There are 2 protein chains.
Amino acid sequence: MPTHFKGSKKEIESLNTFIKMTRATESINHRLSTYLAESCERLTVSQFGILEALLHLGPSNQKELGRKILKTGGNITLVIDNLEKRNYVKRETDPNDRRASIVSLTTEGKDFISGYFPAHVEKIVEEFSSLTSEELKELGRLCKKVGMKENN
Amino acid sequence: MPTHFKGSKKEIESLNTFIKMTRATESINHRLSTYLAESCERLTVSQFGILEALLHLGPSNQKELGRKILKTGGNITLVIDNLEKRNYVKRETDPNDRRASIVSLTTEGKDFISGYFPAHVEKIVEEFSSLTSEELKELGRLCKKVGMKENN
DNA sequence: TACTATTTGTTTAACATTAAACAAACATGG
DNA sequence: CCATGTTTGTTTAATGTTAAACAAATAGTA
């Protein structure tokens, strides 16, 4: 559903692209999130994000994890609390800095995420299956170009 | 930060594009949301979304609004409750269907949203200013193509 | 060494978000 | 007309999300 706004060509095009981009991202995430919740009772996208980060980065402190998945400190605390409850991760005080804790995957967590990840990848490939290889690359390039705006 | 995943070319490209797309959308939304909260004390993106929809569609029931901004019924109730508290919207029972309520902008809400909206547009134009006209259109086309996947 | 600035995770408050359950109202079909 | 199915908004429970405030720990400087 395009915007009802009446403005310059540039304005309308920008608004419409923003809407399409937001819609597409939300749709994909919704589908991924639904599939995830079905595959592992009520696991959420943010919890998955932490597990994924730990799988690839290895044990990390909360600050690093927050930076990796772009969430705030308070949020990380909650998400990790809930993952701890599920016994997917454990926290240990960092011997080098007692303010910090090192978060790592438990055996259970490792088993889950390494088992699930290929299905996750499969799902994502499926989400972009309507695009050609060239289009996929171009979409990535354009998103990166837009997202880089504030890095200058 | 690209994925650490080792897989086929298609898989890696899909994952990377997904990450870029998500990152870009979140960045833009974060900046818009910050600007919005500064412009009107603690107004949230979802509240703005309802106001925007009402500005363009006129008085609507909650179901329509939920469909327009792609949020669930329970969430709409909360967001509108909070907008009502700010006296930006009002609810009236629909005379044709007593289960439903018609939500409309108050004078205050109308003043705010019609005054703020041009700045919102300006911000979005700015967010996409790194793209050429052609790129902007192409980004929109690709996002639409991806997002349409589940409409078949 | 002492003081100040910075950092790390936690807590708090307010709001968002979903799925599921529910009640009232409406629509449909026999 | 009545019974059944559907719809609309609300409530509930669980989780997410942010900014701000805070305390403990660390780093830097005089």
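Model, not experiment: these values are computed from the prediction. Per chain, numbering begins at 1; letters A, B, ... match sequence-line order.
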Separation of C/dT18 P from A/Tyr35 OH (nearest whole Å): 22 Å
B/Arg67 side-chain N/O to D/dT8 phosphate OP1/OP2 under 4.0 Å: no
Rounded distance in Å - CG (A/Leu32) to P (C/dT18): 15 Å
Minimum side-chain heavy-atom gap A/Leu55-A/Ser114 below 4.5 Å: yes
Ring geometry between B/His120 and B/Phe117 (parallel below 30°, tilted from 30 to 60°, perpendicular above 60°): tilted
Integer-rounded Å distance: C/dT11 P and A/Ile76 CD1: 15 Å
Rounded distance (Å) that lies between atom C1' of D/dT10 and atom CD of B/Gln62: 9 Å
Pair A/Lys137 + B/Glu13, salt bridge at N-O below 4.0 Å: no
Any donor-acceptor N/O pair, A/Thr25 side chain to B/Thr22 backbone, under 3.5 Å: no
Using a 3.5 Å cut-off and no angle test, enumerate the donor-acceptor pairs between side-chain atoms of residues 76-83 of chain B and protein atoms at least two apart in sequence or in another chain.
| from | atom 1 | to | atom 2 | distance (Å) |
| --- | --- | --- | --- | --- |
| B/Thr77 | OG1 | B/Gln62 | NE2 | 3.4 |
| B/Thr77 | OG1 | B/Gly73 | O | 3.2 |
| B/Asp81 | OD1 | B/Arg91 | NH1 | 3.0 |
| B/Asp81 | OD1 | B/Arg91 | NH2 | 3.1 |
| B/Asn82 | OD1 | B/Lys85 | NZ | 3.0 |
| B/Asn82 | ND2 | B/Leu78 | O | 3.4 |

A/Lys63 NZ to C/dT6 P, straight-line distance once rounded to whole Å: 13 Å
d(CD1, A/Ile80; P, D/dT15) in whole Å: 15 Å
Contact residues, residues 96-106 of chain B to DNA chain D [heavy atom, < 4.0 Å]: B/Arg99, B/Ala100, B/Ser101
Integer-rounded Å distance: D/dA25 P and A/Asn61 CG: 17 Å
Ionic contact status for B/Glu84 with B/Lys90, cut-off 4.0 Å: no
Basic-acidic side-chain contact under 4.0 Å: A/Glu138, B/Arg141: no
Please list, pair by pair, any protein nitrogen or oxygen found under 3.5 Å from a nitrogen or oxygen in nucleotides 14-17 of chain C.
| from | atom 1 | to | atom 2 | distance (Å) |
| --- | --- | --- | --- | --- |
| C/dA16 | OP1 | B/Thr44 | OG1 | 2.6 |
| C/dA16 | OP1 | B/Gln47 | NE2 | 3.2 |
| C/dA16 | OP2 | B/Asn82 | ND2 | 3.0 |
| C/dT17 | OP2 | B/Ser46 | OG | 2.1 |
| C/dT17 | OP2 | B/Asn75 | OD1 | 3.3 |

Gap between atoms CG and C1', on A/Leu36 and C/dA19 respectively (whole Å): 15 Å
Shared hydrophobic cluster, A/Tyr35 / A/Ile113 (ILVMFWY, side-chain heavy atoms < 4.5 Å): yes
N/O donor-acceptor pair under 3.5 Å between A/His56 side chain and A/Glu52 backbone: yes
Touch class at under 4.0 angstrom, heavy-atom based, for A/Asp94 against every strand present: nothing
